[in-house]
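A quick write-up on the structure given underneath.
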Amino acid sequence: MIIVMGPGVREEEIQLVVDKLKKAGLGVHLSVGQFRTIVGAIGEEKAVREMSLEALPFVEKVLPVTQPFKLVSREFKDDNSVFQLTNCVLGGEEVILMAGPCAVESEEQLLETALSVRAAGAQVLRGGAFKPRTSPYSFQGLEEEGLKLLARVRDKTGLPVVTEVMDQHTVGLVAEYADIVQIGARNMQNFYLLRELGRLDKPILLKRGLSATVEEWLMAAEYIMSGGNHRVILCERGIRTFETYTRNTLDLSSVPVVKHLSHLPVIVDPSHGTGNWRWVPAMSRAAVAAGADGVMVEVHPRPQEALCDGAQSLTPENFAGLAEELRKIAVAGGRFLRRVG
Ligand code: PEP
Ligand code: MN
């Protein structure tokens, strides 16, 4: 249930409602917006109804959240969630570019990529240190050494870094180095891991599972938010369909759907969504046109030498060209994309 407080509500009045809910054993989440305050009551609906909170003059209305996801839903929070990163704001007017190699391979490779994507306008550096590879014989990532390289390149370039955590045991380690913690598609429904991330004070980039419905994806976000971490960034990265020409089928229709259902920022990963660098620019343009808050693109200085996902990686030159195109589309949609990251 959500309790919408009336305009001009005083702090002690909010506290009174919070205390009543807590006394009844309900979880409470407070959302103080620019225009109104909403108290989210987590637990038995019946217990909230029986309180007749609407009788209080400073309570405007008490609403059930009709969606199975509560904290994630627009019913819970009407205005878009906006997250401040070290150098930019995600979910606002600016379209954010996240770019970098699939995997961290060396300091030289990472720094070269970071400098080139920053010059093209990227605000966030991506790079995997723990890689979820289909084959156990493929490169598995540099692990902790990769995290250290990410931190070093972040310090040299000022770009915040996003990197994947694969299991509960390494959450603390990854969080020590990452600015944004990524949950890969394969782990979207790893509920123990999601719970762990709910306790983290870091934004989480939650990728859509390989065969997850929009509802399952949003329920995964609800796991993180219900644990207390409300900074969840949703990332559409394509789903499995019967089509094999592309690596996945990039479901861009999920962007307006999720924007309608949820207040959380949504970004699109056209690299894993298509699996081929040739289709990345078109799908990136489409993602921005569809209203995505950003795109995450794999870039490698020499894709033919990449240890992971070279076929879908853009060269720095191609990425710079793409950023230029996206800038025009962002502006056409009433947004903007900066020139240098
Ligand atoms: C990645 O971003 O490196 C990755 C492994 O993506 P996904 O989880 O979407 O496959
Ligand atoms: Mn990859």
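First listed ligand is number 1; within each ligand, the first listed atom is number 1. Keep in mind that the numbers below use all heavy atoms, side chains included, and drop hydrogens, waters and symmetry copies. Just so it is clear, the structure is predicted and the values come from calculations on it, not from any experiment.
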Please evaluate residues Glu298 and His272 with respect to the criterion side chain to side chain contact (heavy atoms under 4.5 Å, CB included), reporting the C-alpha separation (whole Å), side-chain torsions for both, the decisive distance (0.1 Å), and the verdict.
CA-CA 9 Å; Glu298 285 185 342; His272 295 89; 2.7 Å; yes

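- Residue pairs that meet the salt bridge (charged side-chain N to carboxylate O under 4.0 Å, His left out) test with at least one member in residues 101-118, sequence neighbours left out, are Glu107-Arg152, Glu107-Lys156, Glu112-Arg302.
- Below 30°, between 30° and 60°, or above 60°: for His29 and Phe76 the angle between ring planes is between 30° and 60°, a tilted geometry.
- The 12-atom threshold is exceeded at NZ of Lys202, counting heavy atoms of other residues, nucleotides or ligands nearer than 6.0 Å.
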Is there any protein N/O under 3.5 Å from an N/O of ligand 1, and what does the full list of such pairs look like?
| residue | atom | partner | partner atom | Å |
| --- | --- | --- | --- | --- |
| ligand 1 | 2 (O) | Arg126 | NH1 | 2.8 |
| ligand 1 | 2 (O) | Gln182 | NE2 | 3.0 |
| ligand 1 | 2 (O) | Lys207 | NZ | 2.9 |
| ligand 1 | 3 (O) | Arg126 | NH2 | 2.9 |
| ligand 1 | 3 (O) | Lys131 | NZ | 2.7 |
| ligand 1 | 6 (O) | Lys207 | NZ | 2.9 |
| ligand 1 | 8 (O) | Ala185 | N | 2.8 |
| ligand 1 | 9 (O) | Lys207 | NZ | 2.9 |
| ligand 1 | 9 (O) | Arg237 | NE | 2.6 |
| ligand 1 | 9 (O) | Arg237 | NH2 | 3.4 |
| ligand 1 | 10 (O) | Arg186 | NH1 | 2.9 |
| ligand 1 | 10 (O) | Arg237 | NH2 | 2.8 |

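- In this view, Tyr223 and Phe191 satisfy the ring-ring contact (aromatic ring centres under 6.0 Å, His included) rule, not counting sequence neighbours.
- Residue-environment remark: CD (Glu11) stays at or below the threshold of 12 foreign heavy atoms within 6.0 Å.
- The environment of Asp201 atom CG is sparse: at most 12 non-hydrogen atoms of other residues, nucleotides or ligands sit within 6.0 angstrom.
- Residues Asp251 and Arg240 are not paired through a salt bridge, judged by the lack of any N-O separation under 4.0 Å between the basic side chain and the carboxylate.
- Counting only distances under 2.8 Å, and ignoring water, the protein N, O or S atoms around the Mn ion (ligand 2) are Cys102 SG, His272 NE2, Glu298 OE2, Asp309 OD2.
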Check against side chain to side chain contact (heavy atoms under 4.5 Å, CB included), Val124 and Leu159
CA-CA 5 Å; Val124 177; Leu159 293 177; over 6 Å; no

